[in-house]
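Let me begin by presenting the structure, written as structure tokens, before commenting on it.
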Amino acid sequence: MLARDRALSRRLSGVGSAATLPVTARGRGKESETECSRGVDSLVRDMRFQLLSFVVLCSGTSLFGAVEKPFNFYEIPGKLPKQVVPTEYSIRVVPNIENFTFAGSEMVKLNVRSPTRQLVLNALELGIQKASVDGKELQASAIRIDKETELLTLRLPSELRVGDHVLTLRFTGKINQQGRGLFYMRYQEQGSGARKVMLGTQFEATDARRFFPCWDEPAFRARFQLTVVVPENWLAVSNMPVESERKIPGGKELHFAPTPSMSSYLNVFVAGELDVIESRLGPTQIRVITTKGKAELGRYALEASAQILQYYNDYFGVPYPLPKLDQIAIPGGFGGAMENWGGITYFESALLFDPENSSAETKQNIYEVLAHEMAHMWFGDLVTMAWWDNLWLNEGFASWMGSKCTAQFNPQWEVWLARELPRDPTRRTGIAKDAAMEGDARSTTHPIQQRIATEAEANNAFDDITYKKGQSFLRMLESFLGENVFRDGIRRYIDAHKYSNTTTADLWKALSDASKKTVYEIAAGWTEQPGFPVVNVKREAGDKIRLTQERFTVNFRKAPPLLWQIPLTYSVVGGTPATLLMTDKTASLENIPADRQLKLNVNGAGNYRVEYDDASWQLLLKALPNLSVEDRVNLMSDAWALVQAGRAPASLYFGLIEKLPASSDLAEREQIINAFEFIDRLLVEGAAHEEFQQYARSVLRPTFATLGWEPKQDEPPSAETLRASLIKALGDLNDPEIIAGCRERFERYLANPASLPPDLRAPVLAVVGGYADEKTWNKLHELGLKTTSIEDKQNYYNALASAIDPKLIKKTLAIALTDELSTSRAVFLVSRVGRDSGHPDIAWEFAKANMKALLAKVDAAGANRYAPSLFTFFSDRSRVDELKQYAKKDLPQATAAEVTKAVDEIQFRAEFRDRLLSQLPALIQIGVK
Ligand SMILES: [Zn+2]
């Protein structure tokens with residue numbers, strides 16, 4: 001899953017699971033527990049984790065993996081008893097789109113493995129009208145749904161014997177608006193602008209149980225066969241092709257072919273007045289499905305899908321197993337993308353590309369999201385993590401694989417270099433390593449493999465650590481084992497576990513078999529421990545270098561010390577890179593001449609920081625022009641992290657950027673823009689604010705002068721992206737020429753939209769919106785209301801969220817309560833205002849007053865973080881108490897972890913701002929000259 005909205009909240013907030021919103025995140029400028037009957041399994045597991053924590057604290061090493069075993073169905077955690085296993089479901093659903101309810105029935109073939117007096121499965125917000133086992137109807141009193149545990153218990157009149165049985169159920173449910181289970185979306189149709197409604201589903205992590213009663217835990221694989229009744233002019237899509245269709249009174253009944261064995265959360269059903277374009281790769285039919293009138297906008301995705309499918313068929317060694325692959329664009333409900341097997345759903349702007357009106361970034365984003373979701377067809381769908389504690393097997397892997405595939409076919413995008421996307425902070429697919437590392441350095445981080453006990457915890461697991469640290473670690477491991485060896489290991493893994501489930505131990509075994517290395521020993525420190533190391537470089541007498549590793553932390557005193565096996569890479573500048581597996585606290589390098597530059601972490605591919613002694617740093621500063629862009633960006637990123645951590649004064653970073661060779665390289669400039677934007681927001685209304693803005697403009701201006709306003713023929717795509725980033729950044733930094741230039745272009749755009757290149761629309765509109773008066777605000781709003789393009793709509797409403805004028809901000813906030821925007825977009829409008837307007841206080845007051853209405857629009861994963869995330873734009877210590885009190889009184893216990901992260905973020909910002917204020921004036925003076 002790509003949780004776009006959640007990512008937005010995180011980036012906006014600066015809090016991720018891990019995550020602080022990075023200072024580096026350029027994005028900043030823009031974007032109950034239920035008591036369950038715990039069986040022996042979960043108790044054993046609890047003890048294991050207590051033991052584990054104890055060992056981690058005492059010795060600095062984890063034993064998680066020593067006890068994590070290969071997949072064994074009976075040992076997997078979860079609430080559902082393992083003695084009854086469903087093998088086949090036949091489900092029939094009749095939605096009522098007048099009153100947004102549905103009626104359903106199902107027949108489930110069961111394999112009973114030990115005798116039982118009851119059946120226990122999942123159901124939530126469903127009414128059960130009738131239940132029978134082997135044709136015998138149960139009494140109503142034997143049917144019980146527990147809302148708290150989300151369990152449906154059917155008491156049986158007599159013991160059910162070992163063997164095959166059949167359960168039949170009749171049920172009803174609700175069609176909601178929140179993107180949980182079956183949901184409806186209202187949208188304006190392309191061309192006519194008519195208001196229409198369509199249906200979609202979103203089941204991961206634990207919402208299939210809202211659509212039909214089922215064994216809704218990933219290890220309970222089964223075959224699913226869906227039948228639906230829809231209006232006659234509708235198209236309906238599910239995982240498999242339609243097998244038969246017949247007219248019935250009031251519509252048509254569609255019967256889909258049964259799926260292969262898979263987890264319940266991978267089911268999908270989408271229906272509405274839809275259009276299709278299609279192609280074919282070998283035996284696989286590929287389709288892009290959109291609302292009426294938009295199918296041609298799916299052309300790019302259709303072509304990219306064929307390229308990606310071919311690549312994965314080869315890489316994984318097992319060809320895509322279903323007869324068709326649908327890429328489905330939906331105009332709301334949820335904001336990301338979901339890897340339902342054979343029927344992937346995407347928020348529209350993550351799939352549709354309009355060559356006339358879409359930006360280069362949109363195109364890149366589409367490719368990356370496609371590559372991520374399609375990687376899941378193998379990693380996630382064909383082979384599924386056994387339980388949510390290994391979610392990283394799905395998400396870390398798909399993130400890494402998607403980036404690898406994107407980089408392979410699109411070298412011009414510098415995929416591995418991209419840290420964050422400037423105008424789309426919601427992107428999750430890029431490496432964004434810095435974002436994950438920032439969060440991972442805090443006290444609120446967690447290991448990649450983490451204990452997950454409840455449904456609420458499963459939803460919290462979709463975070464930067466799972467996605468980005470997972471990806472970053474896999475990249476480091478691949479480069480250590482070698483590309484071909486790694487791929488061979490993956491092929492073994494897929495082949496051995498297809499149509500089944502796995503734990504991380506299964507992956508290490510396959511990679512160990514392929515590489516003949518003990519992969520677990522290297523990997524354990526990275527996936528079972530929180531955090532990551534910093535390697536200190538010290539020159540000793542002669543030509544010797546002493547290396548020391550320790551845990552790298554930010555705002556986290558007394559962090560338990562930990563040790564890693566680090567696959568280090570290094571090069572003496574100009575020489576060939578070398579590797580060293582650093583297994584102890586210290587190591588040394590010989591034969592490095594005292595006057596030669598030494599660079600560790602070649603091209604920044606490793607997930608660790610490096611801290612050089614002064615002599616080594618000075619040598620590197622002299623060598624900057626000879627370093628690769630990747631190495632320079634890595635030095636900048638490390639320097640900025642060391643400043644944040646309080647391990648170095650701010651002059652380390654400012655001294656470095658002033659010595660960079662003149663360049664219009666995208667990644668370097670964006671690294672600076674990210675850092676400046678963070679400082680700019682910290683200083684709002686503070687003493688040094690104007691001076692800092694002046695200084696920051698003086699650093700960024702020369703690059704903009706080189707690029708100019710107008711796109712040039714033959715310039716690389718990175719130049720277009722950088723131009724857009726600089727306009728937004730300089731506009732935010734109050735550059736009068738840029739603001740005037742944006743206003744002028746906006747006027748021309750009103751007369752002739754084609755006059756503004758698609759790449760410049762987002763930044764120009766955002767700057768115009770930021771400094772808008774009421775008339776301009778109204779104009780932007782009118783345009784936003786009118787357009788049927790989700791991408792344009794987003795640009796207009798983002799512009800409204802940037803307004804600095806408090807009177808206008810309030811108008812923007814009020815939109816969140818209307819149905820002008822899809823629900824997922826509406827709620828995040830408030831977060832955007834909190835971050836972009838410079839008035840987080842107004843955003844919070846509004847949210848507090850309207851929390852109930854806002855939370856009704858938030859999906860499962862967003863619910864716990866929504867309120868706490870709005871505090872993460874504050875850098876005033878007094879907000880800590882306010883948040884704690886609010887949480888105590890008004891927030892459920894499930895939000896506790898998010899509250900702790902938000903508190904940590906406020907404290908970090910307050911401390912960092914004080915530190916910057918004491919150091920900046922002197923630096924800026926020198927810099928501005
Ligand atoms: Zn995913």
Side-chain angles (χ1 to χ4, degrees), residues 1-8 10-11 16-18 179 201-208 218 239 262-263 265-268 301 305 308-309 312 316 320 325 327-328 330 334-347 350-351 365-385 387-406 415 426-432 435-436 448-449 452 458-475 490 494 501-502 504 507 824 859-862:
M1 176 156 61
L2 269 179
R4 187 179 172 115
D5 291 338
R6 265 168 270 154
L8 173 59
R10 219 174 350 268
R11 298 260 180 85
S17 59
T201 56
Q202 168 60 32
F203 295 150
E204 194 182 19
T206 58
D207 284 323
N239 306 82
M262 68 176 198
S263 302
Y265 77 90
L266 293 169
N267 278 283
V268 66
S305 296
I308 296 166
L309 190 60
Y312 288 161
F316 290 111
Y320 177 74
L325 172 61
Q327 314 281 17
I328 312 163
I330 60 175
F334 79 121
M338 176 62 212
E339 69 268 23
N340 318 297
W341 211 2
I344 311 175
T345 44
Y346 300 81
F347 186 63
L351 189 67
N365 190 49
I366 290 168
Y367 199 102
E368 293 196 358
V369 176
L370 280 167
H372 175 106
E373 298 306 327
M374 288 173 66
H376 277 310
M377 298 298 104
W378 287 261
F379 251 83
D381 298 1
L382 182 60
V383 181
T384 312
M385 86 253 131
W387 180 245
W388 303 104
D389 53 359
N390 275 309
L391 179 64
W392 90 282
L393 279 178
N394 277 13
E395 298 302 348
F397 191 91
S399 300
W400 167 80
M401 188 82 245
S403 297
K404 184 179 169 75
C405 170
T406 306
V415 172
T426 59
R427 189 173 79 146
R428 295 211 67 148
T429 47
I431 175 82
I448 286 178
Q449 289 176 268
I452 300 288
N459 284 321
N460 285 345
F462 294 84
D463 65 16
D464 280 349
I465 295 291
T466 300
Y467 284 76
K468 294 175 188 161
K469 187 182 181 185
Q471 160 171 248
S472 188
F473 169 65
L474 286 171
R475 185 184 179 209
I490 297 300
I494 294 284
N501 296 65
T502 54
T504 298
L507 179 61
S824 60
D859 68 10

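Counting starts at 1 for both ligands and their atoms, following the listed order. Just so you know, these numbers come straight off a predicted model, no measurement behind them.
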Inset, instruction - Tell me whether E395 has at least one N, O or S atom under 2.8 Å from the Zn ion (ligand 1). - result: yes
Inset, instruction - List the atom of N340, the atom of D381, and the distance in Å for their closest heavy-atom pair. - result: C-OD2, 4.1 Å
Legend entry - Non-neighbouring partners of F316 that pass ring pair (Phe, Tyr, Trp, His ring centres under 6.0 Å), sequence neighbours left out: Y312, W378
Legend entry - Donor-acceptor contact below 3.5 Å, side chain E339 vs main chain M1: yes
Legend entry - Qualifying residues under ring pair (Phe, Tyr, Trp, His ring centres under 6.0 Å), relative to Y265, sequence neighbours excluded: W388
Inset, instruction - Assess Y467: does it contribute an N, O or S atom lying under 2.8 Å from the Zn ion (ligand 1)? - result: no
Legend entry - Metal-centred angle, NE2 of H372 through the Zn ion (ligand 1) to O of M1, rounded to 10 degrees: 100°
